[in-house]
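Heads up: the structure comes next, in structure tokens.
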Amino acid sequence: MASLNTLRTKFGIVLSVIIALALLAFILSLKTEMGFTGQDPRVGVIDGEKINYSEYLEEYERVREQNGGQERDEQQSAMLADAAWQRLVAKYVLMPGFDDLGLAFTESERLAMVSGERMSQTFYNAFADPRTGAYDVAAVSEFLSRAESDPQAQQAWAQLNEQARMERRMQKYFWLVRGGAYANSLEAAAGADAANRTFSGEWAGKKYAAVPDSLFTVTNGEVKSYYKEHRKRYRQTPSRTISYVVFEVAPTDEDLAALERKATETGAAFAETDAVRTFVRGDRNGRIDERYLSAAQLPADEAEALLAGRMFGPVLKNNEWTMARVIDSKMISDSLGIRHIVLPYTEEALADSLLTVLRGGAEFAPLAAQYSVYDATAANGGDAGVYPFSAFTGSFAEALAGAKKGDVVKVAAGDAIQLIQVYRADKPVKHVQVASIVYPLEASEATRRTVHGEAGSFMVAAKGSSAQFADAAATAAVTPRIATLAQGDRTVRGLEDSRELVRWACGADKGDVSEIFTVGDDYVIATLTEIDNEQYTPVEKVAAQIRAQLLRDKKYDYIVKELSGATLAEQAESLGTEPAAFEGVTFGSFYLNGAGVEPRLIGAIAATKEQGAVSAPVKGASGVYVFRVDDIATEEKQTSEGEQVRAQAMAESMVQQFVLQAVDQMADIQDLRGKYF
């Protein structure tokens, strides 16, 4: 017995140690995965600074809290993620750069922004009066008083000041760079001349496509030489390429038959019940429309049945089994014109006083202008416009259902109280409130399990290599699709809700096969086929493009050698074509009849000074061209002064548009967040 007890005791100790070690390993794995250990994973590099998971996550949470602490959907999550990333770019690139440039932000500037003396968008967004739109200095003082004893307010104030500091220094930087954008007098004169001259004449040419490719040879050496000379054209963003298959989940014939039976059975019970609201709410596909609709607002087939007191359906309509019944009907004005006074929900007493005064005959417009906090209508005497009755729901519909012209009603909803006056009430017509049950044509759970099983079998068969993935796709009769994910992409184009798939691709190794992802209604499995982290697109990927360019170059030389003759007609004949007329061509034209979009040809025509002479050959995008200008008409549409203003504005706009993009390129930013966010 003693030996047994000893064994139990020792075994209990051993088991406890094993469990403790397992738990420790699990916790450590979670910490590593979530980025809170000394091996905090890297999610990017900004100007040589490594950005770790924890730092980015902290910035993301800060941005999220400043935007209400919510992530309603993938689109908003992406916006918050980009905002957090840009703040880190500002921290490691812009702010140090501003320091180097001497772009300071002084205390006097900060105080001028806080006081409203120098307007700041940051402070304005936080402290503008919603009624007047004016910057409210009193609100700033009130906030600062609260911040003396509220740590959260102190933190918010510090963040506002930091954001305002960034805003001001960014403005100074834009002004500094914009000051270097200048349109000189020669540019202005040339631009005005180009805008004021119109050209007419004839052109002739020969398309590259008219010359057989077989006449020329482009060697690999020529391709490599061209690539070497023009390598900067092929700078690229790191990317990953996946091949993926989609197992579509569609309803089978059995599913469709089952849905029809269910709709028929439900329809029969729906028609018999007296408790329509309860019945509809008890069905997960049931819906009660809060609006009251007229016959004109309902589909014709539904209106005919519902307004006659009959049930509509069940009927298959737009890939849905639909049935509906009326739960309430009213004779209501088809449209109402209303004025309103909007008050905070705390102003109940004021609302009641105004209601009494208005019902006593007081004019509505002056009171709306004086008391309504909704500036968009207050300035117009509270006039909100004319609406169909279906625009009103809930307490608004209830209050206005029996309202006549001149009536004033009070509605408390949300965080506001509204006093509403009806100034127009059209002829009453019958309106109905509708309860409906809709069964979409969707796959059953059994079908989903079957398709998921097929996807699982494919996943097992596809593991090992890209060749096995392709063989498995052929066996499963699914067609692989290709997607290239550039660094920073969050979704696969054409696949809704594919964030998890992209996250997997960013962390996978070449040849890996993914798990089964649910994308929309379907299942997706992918394999990573390529990881391209090269700074420039490899020559083999652009060889076909380069080969086509070199082929055009050789065809250009060939066509130019064919050209002969002193006149345009003779040169056209040597090319086997005929001259074609052009007129109304200006420097700003982008299309030439017969030739198409040929900027070089239009530019050469617009640069012509001499009339009647045949031009030198023009190397166009799709052919070789010669032309003769017969007439140059001049009309003063633009002055040099006006052109200088336009050109200056264009130059400044281009600077502001591309300056940050240029800074990002110089900073050599690597965005590696895709694996984690």
Side-chain angles (χ1 to χ4, degrees), residues 46-48 82-83 85-106 108-110 112-113 117-125 162-198 230-237 488 585-590 597 599-600 602-607 609 621 635-669 671:
I46 300 177
D47 200 27
D82 288 341
W85 184 251
Q86 290 306 318
R87 285 172 66 152
L88 288 171
V89 172
K91 176 181 178 180
Y92 289 109
V93 178
L94 297 179
M95 300 303 273
F98 295 162
D99 290 339
D100 292 342
L101 289 171
L103 297 179
F105 178 72
T106 64
S108 60
E109 285 180 290
R110 188 187 72 83
M113 294 169 80
E117 178 184 347
R118 183 185 297 277
M119 185 53 64
S120 161
Q121 193 64 44
T122 298
F123 288 119
Y124 177 83
N125 290 342
E162 183 60 28
Q163 190 173 339
R165 176 171 174 261
M166 181 66 194
E167 174 195 334
R168 181 65 177 158
R169 298 181 85 190
M170 182 69 75
Q171 287 175 344
K172 290 183 178 183
Y173 179 60
F174 278 137
W175 293 335
L176 180 66
V177 178
R178 193 172 63 186
Y182 178 69
N184 60 44
S185 57
L186 293 178
E187 290 176 293
D193 184 58
N196 294 335
R197 297 198 304 161
T198 304
H230 303 86
R231 191 181 181 193
K232 289 185 177 180
R233 293 183 182 177
Y234 306 109
R235 189 180 180 92
Q236 66 174 8
T237 300
V585 174
T586 67
F587 182 77
S589 300
F590 67 93
V597 180
R600 286 185 178 179
I602 291 172
I605 291 172
K609 303 295 184 183
E635 180 183 354
E636 189 171 346
K637 303 174 184 177
Q638 176 70 294
T639 64
S640 294
E641 293 78 8
E643 175 62 20
Q644 187 155 21
V645 171
R646 188 202 66 81
Q648 178 72 26
M650 179 67 72
E652 292 179 358
S653 174
M654 294 291 285
V655 164
Q656 189 150 331
Q657 183 178 353
F658 294 107
V659 62
L660 291 182
Q661 181 179 328
V663 170
D664 284 352
Q665 289 177 352
M666 290 188 293
D668 192 21
I669 294 173
D671 185 351

Specify the closest pair of heavy atoms between [X] and [Y], including all atoms of both residues, with the distance to one decimal.
{"X": "S640", "Y": "A188", "result": "O-CB, 3.5 Å"}
{"X": "Y182", "Y": "E187", "result": "O-OE1, 3.5 Å"}
{"X": "K172", "Y": "A104", "result": "NZ-O, 2.6 Å"}
{"X": "K637", "Y": "A195", "result": "CD-O, 3.8 Å"}
{"X": "T586", "Y": "T198", "result": "CG2-OG1, 3.8 Å"}
{"X": "I602", "Y": "F590", "result": "CD1-C, 3.5 Å"}

Is K91 salt-bridged to D47, cutoff N-O under 4.0 Å?
-> no

Look up atom [atom1] in [X] and atom [atom2] in [Y], then write down how far apart they are to the nearest 0.5 Å.
{"X": "S108", "Y": "M113", "atom1": "OG", "atom2": "CE", "value": "11.5 Å"}
{"X": "R197", "Y": "E635", "atom1": "CZ", "atom2": "CD", "value": "14.5 Å"}
{"X": "R118", "Y": "R110", "atom1": "CZ", "atom2": "CZ", "value": "14.0 Å"}
{"X": "Q648", "Y": "S653", "atom1": "CD", "atom2": "OG", "value": "11.5 Å"}
{"X": "T122", "Y": "E162", "atom1": "OG1", "atom2": "CD", "value": "10.5 Å"}

Does a side chain donor of either Q86 or D82 reach within less than 3.5 Å of an acceptor in the other side chain?
->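 No, because no side-chain N or O of Q86 sits under 3.5 Å from a partner of the opposite role on D82.
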
Verify, without hydrogens or angle tests, whether E652 (side chain) and W175 (backbone) share a donor-acceptor contact under 3.5 angstrom.
-> no

Would you indicate whether the side-chain heavy atoms of [Y] and [X] approach each other to under 4.5 Å?
{"X": "Q665", "Y": "R235", "answer": "no"}
{"X": "L94", "Y": "M166", "answer": "yes"}
{"X": "D193", "Y": "F587", "answer": "no"}
{"X": "E167", "Y": "Q163", "answer": "no"}
{"X": "L660", "Y": "M170", "answer": "yes"}

Should the heavy atoms of other residues, nucleotides or ligands under 6.0 Å from CZ of F105 be counted, would the total exceed 12?
-> yes

Kindly check if the number of other-residue, nucleotide or ligand heavy atoms within 6.0 Å of CD (Q171) is above 12?
-> yes

Trace of the side chain to side chain contact (heavy atoms under 4.5 Å, CB included) decision for L101 with R169 = CA-CA 11 Å; L101 289 171; R169 298 181 85 190; over 6 Å; no

